[in-house]
Amino acid sequence: MFDQNTWQLMMIRPIAFSKNKETSINNYFQVDTELKAEEVQKRVIREFDDLVQKLREVFIDVRVFEDTQDPVTPDSIFPNNWVSFHQNGSVILYPMFANNRRLERRLDLIDKLSDHFEVKKIFKNLLSFESQQKFLEGTGSLILDRVNKIAYACYSSRTEHEVILAFEKLTAYTVIGFKAYQNQQGRRLPIYHTNVMMSIGDHFVLICAEAIDDFNERERVLESFRNQAKEIILISESQLNNFVGNMLQVKNKDNAFFLVMSTRAFQSLNVQQKVQLEKYGTLLHSNLTTIEMLGGGSARCMIAEIFLPIKNI
């Protein structure tokens, strides 16, 4: 039986975090700042360390790895885009849109994890799509219902249909694809990653359904959730812009559940939504203002879930 949640997480502590010009082309959450690089780094490290501390305080196992000075990887804090770890012992590497993000892929980290976890095979099959300028950015592009082997993906320049088909063959997941949009300077533009508009838990899904403009596509997605008997918690596009969709349900070693999000996202939730979500875990939030502003990602983006089997040592 497959698990939807894990208590073992991988996170990367950044060395040279900054706004990535290569990704801001289609990540409309990224904004400029007048802060100097030294001040940005100071704030980001504080935000990162505070989140890690809060996770560890509730007995969630966080494996923190340090970023490298060379090569320079401004988005290394978001490892969920280049790798995913699975319960059958497989590790999947993903094709990345930005050239400087491809440098984030680190086999040395997988080697270190293999000291404690069973890594049966590392799949690099999808990486060949980079030469074709086709991409699929991990659990940013794919929202995994691990129990039912269904993935949800909104198409964008970072989430290509052909790569999705290859992912399906590789994993036996069924992927439900759709188009989702956000308002940007008077236009409806594609949402760059599915995980800013949707989060799936064990018995719920939080989704900005209004971002799916096509009625039939929207109903097809919602009907899939109904078929899996998941409670549908709707959020608005305004809440999407405050990273409410970028939350993640995790558990601790005692099987207590938590919903991890930024303080900005938490403050954007209304009372009814908080009541709905609290049925599925304690709401754990942390200030991620600088990371969200410059990186265009939030709590979920910072976490790569580890589902690999633990070695019997």
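Scope of the values below: all heavy atoms of this structure, side chains included, with no hydrogens, waters or symmetry mates.
Checked by atom type and distance alone, the side chain of Lys230 pairs as donor or acceptor with a backbone atom of Asp202 at under 3.5 Å. Listed for the Thr159 side chain is no donor-acceptor partner under 3.5 Å among the backbone atoms of Ser156. No side-chain donor-acceptor contact under 3.5 Å links Asp254 to the backbone of Ala256. Put simply, the side chain of Lys54 gets close to the backbone of His285: a donor and an acceptor are under 3.5 Å apart. In this structure, the side chain of Arg146 does not engage the main chain of Phe2 through any donor-acceptor pair within 3.5 Å. A side-chain donor-acceptor contact under 3.5 Å links Gln41 to the backbone of Pro14. Under the 3.5 Å distance criterion, the side-chain polar atoms of Gln87 are matched with a main-chain donor or acceptor of Met1. The backbone N or O of Leu284 sits nowhere less than 3.5 Å from a side-chain atom of Thr282 that would complete a donor-acceptor pair. At least one donor-acceptor pair under 3.5 Å links the side chain of Gln4 to the backbone N or O of Leu144. Remark: side-chain polar atoms of Thr194 are not paired, donor with acceptor, to backbone N or O of Ala153 under 3.5 angstrom.
For Asp67 against Ala16, the heavy-atom pair with the smallest separation is OD2-N, 4.3 Å. The minimum heavy-atom distance between Met247 and Val244, with the atom names listed, is CE-O, 3.3 Å. When all heavy atoms of Phe243 and Gly296 are compared, the pair lying nearest together is CE2-O, 3.6 Å. The minimum heavy-atom distance linking Asn246 with Asn195 is given by the pair ND2-O, 2.8 Å. Across every non-hydrogen atom of Asn80 and Cys301, the tightest pair is OD1-O, 2.8 Å. Pairing each heavy atom of Val221 with each of Met198, the nearest pair is CG1-CE, 4.5 Å.
With a 4.5 Å cut-off on side-chain heavy atoms, Leu51 and Glu47 do not count as touching. Under the 4.5 Å side-chain criterion, counting only non-hydrogen atoms from C-beta, Val205 is not in contact with Ile143. By the 4.5 Å heavy-atom criterion applied to side chains, His193 and Asn81 are counted as neighbours. Using a 4.5 Å heavy-atom threshold, the side chains of Ile232 and Arg226 count as touching. Looking at heavy atoms from C-beta onward, Met11 lies in side-chain contact with Ile303 at the 4.5 angstrom threshold. The shortest side-chain heavy-atom distance between Val147 and Gln228 does not fall under the 4.5 Å cut-off.
Under the 4.5 Å side-chain contact rule for hydrophobic residues, Trp7 and Leu9 do not share a cluster. Ile191 and Tyr181 fall into different hydrophobic clusters, defined by Ile, Leu, Val, Met, Phe, Trp and Tyr side-chain heavy atoms under 4.5 Å apart, directly or through other members.
With sequence neighbours excluded, the residues that form a side chain to side chain donor-acceptor pair (under 3.5 Å) with Glu130 are Arg105.
Looking at Glu223 and Arg220, no side-chain N of the basic residue comes within less than 4.0 Å of a carboxylate O on the acidic one, giving no salt bridge. Look at Lys311 and Asp115 and you find no salt bridge, because none of the NZ, NE, NH1 or NH2 atoms lies under 4.0 Å from a carboxylate O. The residues Glu39 and Lys36 are annotated as not salt-bridged, no charged nitrogen and carboxylate oxygen being separated by less than 4.0 angstrom. Between Lys42 and Glu38 there is no salt bridge, since no side-chain nitrogen of the basic residue lies less than 4.0 Å from a carboxylate oxygen of the acidic one.
With a 4.5 Å cut-off between side-chain heavy atoms of Ile, Leu, Val, Met, Phe, Trp and Tyr, the cluster of Ile310 takes in Met10, Ile12, Phe65, Trp82, Val83, Phe85, Val91, Leu93, Met96, Leu107, Leu109, Ile110, Leu113, Phe117, Val119, Ile122, Leu127, Ile306, Leu308.
Within a 6.0 Å radius of CD in Gln272, other residues, nucleotides and ligands contribute 12 heavy atoms or fewer. Lys279 NZ: more than 12 foreign heavy atoms inside a 6.0 Å radius. The local environment of NZ in Lys253 is sparse, with at most 12 non-hydrogen atoms from other residues, nucleotides or ligands closer than 6.0 Å. Within a 6.0 Å sphere centred on CD of Glu57, other residues, nucleotides and ligands contribute more than 12 heavy atoms.
Looking only at atom types and distance, the side chain of Asp50 has no donor-acceptor partner in the side chain of Ser286 under 3.5 Å away. A donor atom on one side chain and an acceptor atom on the other are not found under 3.5 Å apart for Gln132 and Glu160. Between the side chains of Tyr94 and Ser141, no donor N or O sits under 3.5 Å from an acceptor N or O.
Put simply, CD on Gln249 and CZ on Phe257 are 5.5 Å apart, with the number rounded to the nearest 0.5 Å. Between atom CZ of residue Phe307 and atom OG of residue Ser84 there is a gap of 10.0 Å, rounded to the nearest 0.5 Å.
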Original post:
Going through the distances and angles, do Asn183 and Arg188 end up as a side chain to side chain contact (heavy atoms under 4.5 Å, CB included)?
Top reply: CA-CA 5 Å; Asn183 289 322; Arg188 293 291 278 170; 2.9 Å; yes
Subject >> Derivation of the side chain to side chain contact (heavy atoms under 4.5 Å, CB included) call for Phe225 and Ile200 >> reply: CA-CA 10 Å; Phe225 300 140; Ile200 288 181; 4.1 Å; yes
**OP:** Could you go through the side chain to side chain contact (heavy atoms under 4.5 Å, CB included) check for Glu231 and His203 one step at a time?
**Re:** CA-CA 6 Å; Glu231 179 179 4; His203 297 298; over 6 Å; no
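Ring orientation note: the planes of Tyr173 and His86 are nearly perpendicular, at an angle over 60° on the 30°/60° scale. Relative ring orientation between Phe135 and Phe97 is described as perpendicular, the plane-to-plane angle rising above 60° on a 0-90° scale split at 30° and 60°.
For the pair Lys274 and Phe266, the cation-pi criterion (under 6.0 Å, within 45° of the ring axis) is fulfilled.
Screening Glu292, Arg264, Gln267 for a side-chain hydrogen bond (donor to acceptor under 3.5 Å, both in side chains) involving Asn242 leaves a single residue, Arg264.
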